[in-house]
There are 2 protein chains.
Amino acid sequence: MERARVIMQMLIMSRLRWTRQRKLILDALKGRTDHPTAEQIYHELRERGETVSLATVYRTLRALVREGLLRELHGDGPDRFDPFVEPHYHFRCIRCGRVYDVATPYRGELDRVEVGPGFVITSHQITWEGICPECSREGKERRKHGEGSAGDGGTGRG
Amino acid sequence: MERARVIMQMLIMSRLRWTRQRKLILDALKGRTDHPTAEQIYHELRERGETVSLATVYRTLRALVREGLLRELHGDGPDRFDPFVEPHYHFRCIRCGRVYDVATPYRGELDRVEVGPGFVITSHQITWEGICPECSREGKERRKHGEGSAGDGGTGRG
DNA sequence: CTCCTTGCAAAGGATTTGCACTAAC
DNA sequence: GTTAGTGCAAATCCTTTGCAAGGAG
């Protein structure tokens, strides 16, 4: 796939250096739909025996967000990161904190809503809240920041 | 107004005690559209010479959210609180972090979107992002957590 | 070679918690 | 009187930052 090339190109243009850590972190995110936290990425890399520091994971993730290669999601627990940057929506489980993609078509017209005089809209987000399949199945409490893989419960990206 | 009575009723039902601090905090929020943070509430009360601790402000706000008397908003900086609990949407300024109400009608049909098998939707939120009037006017950087009153820039609740 | 990145540890902001005391009910 | 709420300080969680050493271009 030439996605790596495209990414590298973007990094060059943005004068971010293509370091081993950045490669690792971006690879760890690539193609995932479970919106991991910085900690999750960090632990997964460490478990694979890679050497990265949590600080670097944070710095890299934020940098990639600034470059437009990732999207940052705010919610109840720690921030989560989404490698799929095309406009789309999310579902957040109020029980476990997991975030899922929602396949519903993007409503471009919402970017042209009248907020009020002097307001400039750059984007909009829709977030559904409720209980995810994992949690309704188990019916028991969990920690706020996801544990392990979240699967996608049947949603996903078109 | 009999809203106080209603609230008191809810507090009784929920066996929350109607203490001086809770009254103060709820009063400080009531009718506001600027979605203050816990710190803001705390400082405003202290400036008025009231005695409250920041811990109590946090505890109270979270409790009132649990009771459904407030809504909690997650964003870039610290959490913000909204006394207007009827379904409505928000605009968040990516420069200063201020949050405004958006008058656009609530889209109930979005609560019936197909997320996927096993997903139960309890609510949805739409958040617009962009630059608020205050910031486009000033054109300069600011701290993430709002400073002082944010006005409402022409939006507001119907 | 130069400047960006990293790792580590320390600092920082936001929020919660333990505990003895106080105040609602 | 009971039991829940409060203030204070300490603790915790999440994230950023300073600095010296390392690595990419």
Side-chain angles (χ1 to χ4, degrees), chain A residues 7-26 35-43 45-46 49-67 70 72-81 97 99 142-147, chain B residues 7-26 28 35-43 45-46 49-67 69-70 72-81 97 99 142-147:
Chain A
I7 288 171
M8 200 174 154
Q9 190 56 44
M10 296 186 71
L11 290 177
I12 290 169
M13 292 195 312
S14 62
R15 79 159 145 5
L16 286 187
R17 288 179 178 173
W18 193 224
T19 66
R20 195 180 54 81
Q21 287 80 342
R22 284 179 182 168
K23 210 175 309 191
L24 281 173
I25 293 168
L26 206 43
H35 315 85
T37 64
E39 279 264 358
Q40 278 174 36
I41 299 283
Y42 171 69
H43 278 118
L45 291 176
R46 298 306 294 241
E50 303 291 355
T51 57
V52 229
S53 69
L54 182 53
T56 293
V57 173
Y58 269 107
R59 275 189 288 230
T60 299
L61 290 172
R62 302 292 187 204
L64 295 175
V65 167
R66 254 178 275 124
E67 299 304 320
L70 292 182
E72 187 179 354
L73 308 179
H74 305 298
D76 213 356
D79 290 346
R80 291 170 171 272
F81 297 86
V99 174
R142 287 174 166 254
R143 283 287 297 118
K144 282 291 165 51
H145 22 302
E147 48 292 282
Chain B
I7 288 170
M8 202 174 151
Q9 189 56 45
M10 296 186 72
L11 290 177
I12 290 169
M13 293 196 312
S14 61
R15 77 159 145 9
L16 287 186
R17 289 178 179 173
W18 192 223
T19 67
R20 195 179 54 82
Q21 286 81 341
R22 284 181 182 167
K23 212 175 308 188
L24 281 172
I25 292 168
L26 207 42
H35 315 86
T37 64
E39 278 266 355
Q40 278 174 37
I41 299 283
Y42 172 69
H43 278 118
L45 291 176
R46 297 306 295 241
E50 303 290 354
T51 57
V52 228
S53 70
L54 183 54
T56 293
V57 173
Y58 269 108
R59 276 188 288 230
T60 298
L61 291 172
R62 302 292 187 207
L64 295 176
V65 167
R66 254 178 274 125
E67 299 304 321
L69 295 175
L70 292 182
E72 187 181 354
L73 309 178
H74 305 298
D76 212 355
D79 291 346
R80 291 168 172 272
F81 297 87
V99 174
R142 287 173 166 257
R143 283 288 296 117
K144 283 291 164 52
H145 22 303
E147 47 294 282

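Checking side-chain atoms of A:Arg20 against main-chain N and O of A:Thr51 turns up a donor-acceptor pair under 3.5 Å. Within the 3.5 Å criterion, the main-chain N or O of B:Arg17 finds a donor-acceptor partner in the side chain of B:Arg22.
D:dT6 atom P lies 14 Å from atom OH of B:Tyr42, rounded to whole Å. Between the CG atom of A:Asp79 and the C1' atom of D:dT16 there is a distance of 12 Å, rounded to whole Å. Atom CZ of B:Arg80 and atom C1' of C:dA14 are 13 Å apart (whole Å). For the pair B:Arg46 CZ and D:dT6 P, the interatomic distance rounds to 14 Å; values are reported in whole Å. Rounding to whole angstrom units, NE2 of residue B:His74 and P of C:dT15 are separated by 10 Å. In this entry the distance linking CG of B:Leu24 with P of D:dT6 reads 10 Å, nearest Å. As a whole-Å value, the separation of B:Asp76 CG from D:dC14 P is 17 Å. Between the CG atom of A:Leu61 and the P atom of D:dT17 there is a distance of 15 Å, rounded to whole Å.
A search for side-chain contact (heavy atoms from CB on, under 4.5 Å) contacts involving A:Arg59 returns A:Ala55, A:Thr56, not counting sequence neighbours. Under the rule for a side chain to side chain donor-acceptor pair (under 3.5 Å), the partners of A:Glu72 that lie at least two apart in sequence or sit in another chain are A:Arg62. Residues satisfying the side-chain contact (heavy atoms from CB on, under 4.5 Å) test with A:Arg46, not counting sequence neighbours, are A:Tyr42. With sequence neighbours left out, B:Glu39 forms a salt bridge (charged side-chain N to carboxylate O under 4.0 Å, His left out) with no residue at all.
Comparing the local axis fitted to the first five base pairs of the helix from C:dC1-D:dG25 to C:dC25-D:dG1 with the one fitted to its last five gives a bend of 40°, rounded to 10°.
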Item to check | Stepwise side-chain contact (heavy atoms from CB on, under 4.5 Å) test for A:Val57 and A:Leu61 | outcome: CA-CA 6 Å; A:Val57 173; A:Leu61 290 172; 3.7 Å; yes

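Taking the side chain of B:Arg62 as heavy atoms from C-beta on, and the options D:dC14, C:dT15, D:dT17, the nearest nucleotide is C:dT15.
To the nearest 0.5 angstrom, A:Ile25 atom CD1 is 3.5 Å from A:Thr60 atom OG1. Put simply, CD1 on A:Ile41 and CG on A:Leu26 are 9.5 Å apart, with the number rounded to the nearest 0.5 Å.
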Hey, what are the protein-to-nucleotides 3-6 of chain C N/O distances that come in under 3.5 Å?
unit_1	atom_1	unit_2	atom_2	d
C:dC3	O2	A:Arg17	NH1	3.0
C:dC3	O2	A:Arg17	NH2	3.2
C:dC4	O4'	A:Arg17	NH1	3.2
C:dC4	O4'	A:Arg17	NH2	3.4
C:dC4	O2	A:Arg17	NH1	3.4
C:dT5	OP1	A:Arg17	N	3.1
C:dT5	OP1	A:Arg22	NH1	2.8
C:dT5	O5'	A:Arg22	NH1	3.1
C:dT5	O5'	A:Arg22	NH2	3.2
C:dT6	OP1	A:Thr19	OG1	2.9
C:dT6	O3'	A:Gln21	NE2	2.9

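For the pair A:Tyr58 and D:dT15, the criterion of a side-chain N or O lying under 4.0 Å from OP1 or OP2 is met.
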